[in-house]
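In listed order, ligands and their atoms are each counted from 1.
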Amino acid sequence: MLVSVFRNSTGAQSSPIMPGGGATPGTPSAKLKEKSMIRPKVVVALYNYKAIETGDLSLEKNAEYEVIDDSQEHWWKVRDNHGNTGFIPSNYVKEKELIGLQQYEWYVHDMSRQRSESLLKHEDKEGCFVVRNSSTKGLYTLSLYTKVPHPHVKHYHIKQNSRAEFYLSEKHCCSSIPDLINYHKHNSGGLASRLKTSPCDRPAPATAGLSHDKWEIDPHELMLHDELGSGQFGVVRRGKWRGSIDVAVKMMKEGTMSEDDFIEEAKVMTKLQHTNLVQLYGVCSKNRPIFIVTEYMRHGSLLNYLRKHEQSLSSNQGLLLDMCIQICKGMAYLERHNYIHRDLAARNCLVGSENIVKVADFGLARYVLDDQYTSSGGTKFPIKWAPPEVLNYTRFSSKSDIWAYGVLMWEVFTCGKMPYGRLKNTEVVERVQKGIILEKPKGCYKEVFDIMRKCWSPSPEQRPSFRNLKDQLVNVSQGILVD
Ligand code: ADP
């Protein structure tokens with residue numbers, strides 16, 4: 001059923017409007033007045049989107065669309081200004097009245113200081129800049145790349161004076177941030193360089209499924225390329241769907257998972273969507289082996305990434321902390337949706353472009369048939385990431401994910417060392433039962449290690465939630481690093 005969605009000018013769901021003339025609600029004249037005063041919800045495209053499936057509609061960046069049906073979370077039906085209608089991914093648009101800075105190429109939203117530095121260094125252009133939310137709520141920071149006297153990124157808080165004007169240097173105040181940026185495009189005005197360009201062609205986010213209500217994927221529409229790796233369940237290959245969307249295809253070894261149950265669950269899992277979760281696009285369930293099709297992450301597993309870049313990463317505690325914060329955000333989303341990961345570890349996180357880190361394989365452990373993996377006595381069971389209540393009673397919860405998250409933080413801050421070194425599983429269990437935990441990684445801030453230790457509280461109730469942990473990590477990063 002299509003529901004026409006109308007909103008009032010504040011963006012809130014419209015309520016009957018009683019004009020001063022006092023028309024009685026419900027009467028034809030009141031209805032007429034209501035109709036003339038309420039406006040349809042209009043959204044602006046933040047990215048281009050190419051409709052591939054029939055029933056979908058292409059989006060052109062910055063163009064406006066009228067929303068016809070937003071009753072489903074991830075795919076909305078809209079009308080373009082030629083009168084064409086169709087479904088579009090809701091994370092590709094923003095309500096016109098709320099768009100604010102998001103319409104500008106240079107605004108990167110809540111990108112961290114560390115990720116903005118990597119992005120600008122990668123662009124390597126004098127005067128390249130972005131504006132991002134600063135870690136202090138409500139404030140913005142300008143990050144600017146200059147090669148003088150050597151390549152580096154400078155960060156400037158955008159401040160406001162008593163007249164609510166914005167400025168970077170007190171001598172040049174403007175009534176809005178876009179005006180201020182425009183001013184500094186023509187005058188360096190005290191900055192290390194004039195603002196010249198901002199990174200373009202930034203990747204668009206993954207959509208929840210490859211189209212509206214689509215989770216079953218036709219294998220003939222997948223072009224399979226090189227092997228990305230292989231794991232517990234089989235081989236993972238890079239691929240393209242309908243020649244245009246990059247995907248990763250996990251070909252499940254037959255007999256390794258309870259397939260029918262998983263296929264049912266996949267319908268729910270395609271609807272889980274967060275910047276820090278690897279998006280499940282769908283499954284090819286009609287043939288054997290079944291394929292699991294997900295978002296493609298160009299730098300592969302976090303564990304390998306940490307080990308490969310140990311030299312540069314170990315001296316950049318800020319970047320390591322930022323990776324942990326990203327993972328924590330993804331996990332906070334799962335926690336909010338009462339979804340337990342059950343196998344959180346660096347090997348199950350992936351790294352994409354612009355240093356984005358995402359959690360993968362959430363919930364998959366429930367469908368594994370191999371006893372060696374599912375029973376805590378099994379050789380493949382992730383003992384080193386398990387809290388006492390899992391070791392003793394196989395009791396999984398968001399709090400057992402928290403314990404695993406602490407171990408994952410430890411993996412990040414050691415750049416991919418094996419927790420408990422070469423200790424055998426039985427020895428690890430003994431230690432954990434006695435309350436002996438992992439040691440502080442070399443060079444790791446005490447404040448960061450204190451957070452890991454909270455994750456390893458013997459009693460699940462005493463461990464923080466991911467939501468709470470996220471705030472603690474952000475506070476620590478503000479305390480030890482300058483924004
Ligand atoms: P399994 O779950 O079977 O153990 P993994 O999910 O660990 O398999 O995948 C094996 C390897 O394949 C990973 O270590 C990673 O290098 C690569 N890989 C898996 N998924 C992706 C993806 N979405 N994008 C890029 N590489 C991936």
| said: Tell me every residue that passes salt bridge (Lys or Arg N to Asp or Glu O under 4.0 Å) with E227, counting only those two or more places apart in sequence or in another chain. | reply: none
| query | Are any of the side-chain nitrogens in E64 or K96 under 4.0 Å away from the carboxylate oxygens of its partner? | reply | yes
| If you measure only the distance, is there a donor-acceptor pair under 3.5 Å linking the side chains of E216 and S285? | yes
| So do E66 and K41 actually touch side chain to side chain, heavy atoms under 4.5 Å? | no
| task | Run the salt-bridge test on E126 and K147 with the 4.0 Å N-O cut-off and return the result as yes or no. | result | no
| said: Centroid separation under 6.0 Å, is that true for the rings of F129 and Y145? | reply: no
| remark: Under 4.0 Å from ligand 1, residues with heavy atoms, in chain and number order, are L228, G229, S230, G231, Q232, F233, G234, V236, A248, K250, T294, E295, Y296, M297, S301, L350, D361
